[in-house]
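Before any comments, here is the structure.
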Amino acid sequence: MFNPDLKKLLKGCNSRYSLVIGTAKRAREIRDDAVKRDVLLDTKAVSLAIDDIYNGKYVIEEPEELLTEEK
């Protein structure tokens, strides 16, 4: 996915920062799993992570104190 809908990606996230951190964590999980299984990825791990978040397969959880703060 090259141009995902940012509004849909931010759904359930408190900020863009949370989205970036969550995407990076998921990409590392994907990369580490591929290395562990000795698999060569055809697609970049970040692109796969964004697809997972966009399709709802991976949910970014916010800390409780961030969810209760009012903006």
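Keep in mind it's a predicted model, so treat the numbers as computed, not measured. One is the number of the first residue; the rest follow in order along the sequence.
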**Report entry** Side-chain donor/acceptor of N55 to backbone N/O of D51, under 3.5 Å
**Finding:** yes

Report task. Can you measure from CD1 (I21) to SG (C13) and round to the nearest 0.5 angstrom? Result -> 11.0 Å

Query raised in the report: Rounded to the nearest 0.5 Å, how far apart are CG of L48 and CG of D33?
Result: 11.0 Å

Query - SB check D32 K36 (cutoff 4.0 Å) - result: no

Query raised in the report: Is there a path of hydrophobic side-chain contacts, each under 4.5 Å between heavy atoms of I, L, V, M, F, W or Y residues, that connects V59 with L19?
Result: no

**Report entry** Cluster check I53, I30: I/L/V/M/F/W/Y, side chain < 4.5 angstrom
**Finding:** no

Query raised in the report: Are V46 and Y17 connected in a single hydrophobic cluster, I mean Ile/Leu/Val/Met/Phe/Trp/Tyr linked by side-chain heavy atoms less than 4.5 Å apart?
Result: no

Query raised in the report: Between CG of N14 and CD of E61, what distance do you get to the nearest 0.5 Å?
Result: 13.5 Å

**Report entry** OG1-CG distance between T23 and L9, expressed to the nearest 0.5 angstrom
**Finding:** 7.0 Å

Query raised in the report: Could you give the distance from OH (Y58) to NZ (K25), rounded to the nearest 0.5 Å?
Result: 7.0 Å

**Report entry** Euclidean distance, R26 CZ relative to I60 CD1, rounded to 0.5 Å
**Finding:** 11.0 Å

**Report entry** Closest heavy-atom pair and its distance - D5, Y54
**Finding:** N-CE1, 3.7 Å

Query raised in the report: Hey, does the side chain of S47 reach the backbone of T43 with a donor-acceptor pair shorter than 3.5 angstrom?
Result: no

Report summary line: Of all heavy-atom pairs linking A49 and A27, the shortest is CB-N, 3.7 Å

